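Single-structure report; data block below.
Predicted model only: the values in this text are computed from it and were never measured. Each ligand, and each atom within it, is numbered from 1 in the order the structure gives.
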Amino acid sequence: MRVTIPEIRKMKEQGIPIPMLTAYDAVTARLVEEAEVPLILVGDSLGMVVLGYTDTTAVTMDDMLHHVKAVMRGSRRALVVADMPFMSYTVSLERAMDNAARFIQEAGAQAVKLEGGRSVAETVRRLVAAGIPVMGHVGLTPQQVLNLGGYRVQGRSLAAAEEILRDAVAVETAGAFALVLECIPAELARLITESLGIPTIGIGAGPDCDGQVQVIHDLLGWIPDFTPKHAKRYADLGETIRNAARKFADEVRTRRFSIPERAVSMDDAVIRSLKDRLSTIRAPREDDL
Ligand code: KIV
């Protein structure tokens, strides 16, 4: 039985901090839930940390479905949230409904996440009414990178902070079960967290959110030359992978990798008979003629 939406809501009521991590494949999903992380986000950060794009706008529904399915195969207990990619929910309500339904029906996710506030409130309302749980996402919304011209903290001025507060309230009113707050001042995140009944999950939004989400690659040091300010490195996986690959290549080159202990052998008589038959099997060479 997977973690449920009411269980996540209850964690806020009981003051229990909510950890959420991204995962994009079955093995990582299994490891993350074995670590008792109740919420897995298959984020469209997939585009940047797995697929090699410079931002998330290139990520497609097909990309996301492929990876959500993998995460579902690898997990049994976590509540899996599928991130709706760029342009998959803003062209029309119908398109949003169809795409969100694919994540639930085809891929088996428990919820979808979409970016935006008042501009997507009606979409959130329709999805929730149709039975699709929605996680909102306000503050820095990476799918707006082309408009924003980069990734920077949002909501520092009174006017900008009020916009984000209004967006947060709109998404809750529309029926979202939780809300990601990305890269906003800690004081604003605290005010939003205190004002909403639904859990807030922060990333670069200070310590007072109800939960915290991180891109797993940032925690693992998987991308060796980049760690965002809000992340903490618990491992140096990039260096570990590079070192292991280097050692392997070196051992292959110096013929130290494939030692008899790692090989399987066959009966002497079988290989002798096979050699006897070789001339009838191989293509005739010039000197055989
Ligand atoms: O795509 C993603 O990983 C996200 C998180 C950063 C919240 O949206």
Subject >> Pairing of R190 and E194 as salt bridge, 4.0 angstrom limit >> reply: yes
Original post:
Between D218 and K232, does at least one N-O distance fall below 4.0 Å, as a salt bridge requires?
Top reply: no
Original post:
Has ligand 1 got any nitrogen or oxygen that is less than 3.5 angstrom from a nitrogen or oxygen of D44?
Top reply: yes
Subject >> K113, any N or O under 3.5 Å of ligand 1 N or O >> reply: yes
**OP:** Report yes or no: does a heavy atom of H137 sit under 4.0 Å from some atom of ligand 1?
**Re:** yes
Subject >> N/O donor-acceptor pair under 3.5 Å between T200 side chain and D210 backbone >> reply: yes
Original post:
So which heavy atom in the protein is nearest atom 5 (C) of ligand 1, and how far is it from that ligand atom?
Top reply: L41 CD2, 3.7 Å
Original post:
Are E36 and R77 within salt-bridge range, i.e. N to O under 4.0 Å?
Top reply: no
**OP:** Tell me which one of G139, G204, S45, P85 gets a heavy atom nearest to atom 2 (C) of ligand 1.
**Re:** S45
Subject >> Ligand-side contact atoms (ligand 1) for residue partner T22, heavy atom cut-off under 4.0 Å >> reply: 3 (O)
Original post:
Can you list the atoms of ligand 1 that are under 4.0 Å from a heavy atom of G43?
Top reply: 1 (O), 2 (C), 3 (O)
Subject >> Top protein contact for atom 6 (C) of ligand 1, by heavy-atom distance >> reply: I203 CD1, 3.6 Å
**OP:** Answer yes or no: is there an ion pair linking R125 with E122, defined by an N-O contact shorter than 4.0 Å?
**Re:** yes
Original post:
Looking at R242 and E239, does any basic side-chain N land under 4.0 Å from a carboxylate oxygen?
Top reply: yes
Subject >> Ion pair check, K247 and E251, cut-off under 4.0 Å >> reply: no
Original post:
Is there any N or O on D83 that sits under 3.5 Å from an N or O of ligand 1?
Top reply: yes
